[in-house]
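Side chains included, hydrogens not; waters and symmetry mates left out as well; all remaining heavy atoms used.
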Amino acid sequence: GVNDAVNATINEPITEGIKTRLANELLHIVDYGFITRVIIENSSRVSTATAKRDLFLPKKVGFIKLEGARKTGRYVLTEKGKQMIEELKA
């Protein structure tokens with residue numbers, strides 16, 4: 001599923017807990033169309049710094065992009081991110 005896609009794409013030394021959190025964040029975008037740093041902080045009960053790191057990895061590999069201003073914007077799936085989700089559904 002999404003967890004496997006996160007594993008396959010992100011070649012960073014990260015723990016299973018982080019991979020699960022990232023997968024859940026991508027699923028949130030699929031379900032609601034977007035995610036914000038504040039949503040990550042509240043839903044995962046993590047610090048601002050951790051939420052920012054969580055956004056950095058999927059942004060780095062091109063799965064998500066920021067829409068709007070840095071402080072008030074929201075992250076949405078890119079075409080690459082949408083493709084990855086579609087491949088998982090197949």
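For E87, the salt bridge (charged side-chain N to carboxylate O under 4.0 Å, His left out) criterion is met by no residue, not counting sequence neighbours. Residues passing the side chain to side chain contact (heavy atoms under 4.5 Å, CB included) test with T15 are I18, sequence neighbours excluded.
Of all heavy-atom pairs between I40 and A51, the closest is CG2-CB, 3.8 Å.
For residues 37-48, the salt bridge (Lys or Arg N to Asp or Glu O under 4.0 Å) pairs, not counting sequence neighbours, are R37-E41. Within the structure, the salt bridge (Lys or Arg N to Asp or Glu O under 4.0 Å) test picks out the following pairs touching residues 50-59 (sequence neighbours left out): R21-D54.
Distance check: K82 NZ to E79 CD gives 4.5 Å after rounding to the nearest 0.5 Å. In this structure, L22 CG and L27 CG are separated by 11.0 Å, a value rounded to the nearest 0.5 Å.
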* To do: Begin with the C-alpha distance, continue with both residues' side-chain angles, and end with the deciding distance and a verdict on side chain to side chain contact (heavy atoms under 4.5 Å, CB included) for E25 and S44.
  => CA-CA 9 Å; E25 291 160 7; S44 299; 3.9 Å; yes

* Please step through side chain to side chain contact (heavy atoms under 4.5 Å, CB included) for the pair T20 and N24, ending with a clear verdict. => CA-CA 6 Å; T20 299; N24 287 335; 3.9 Å; yes

Just distance, no hydrogens or angles: give the donor-acceptor pairs under 3.5 Å from side chains in residues 62-77, sequence neighbours left out.
none

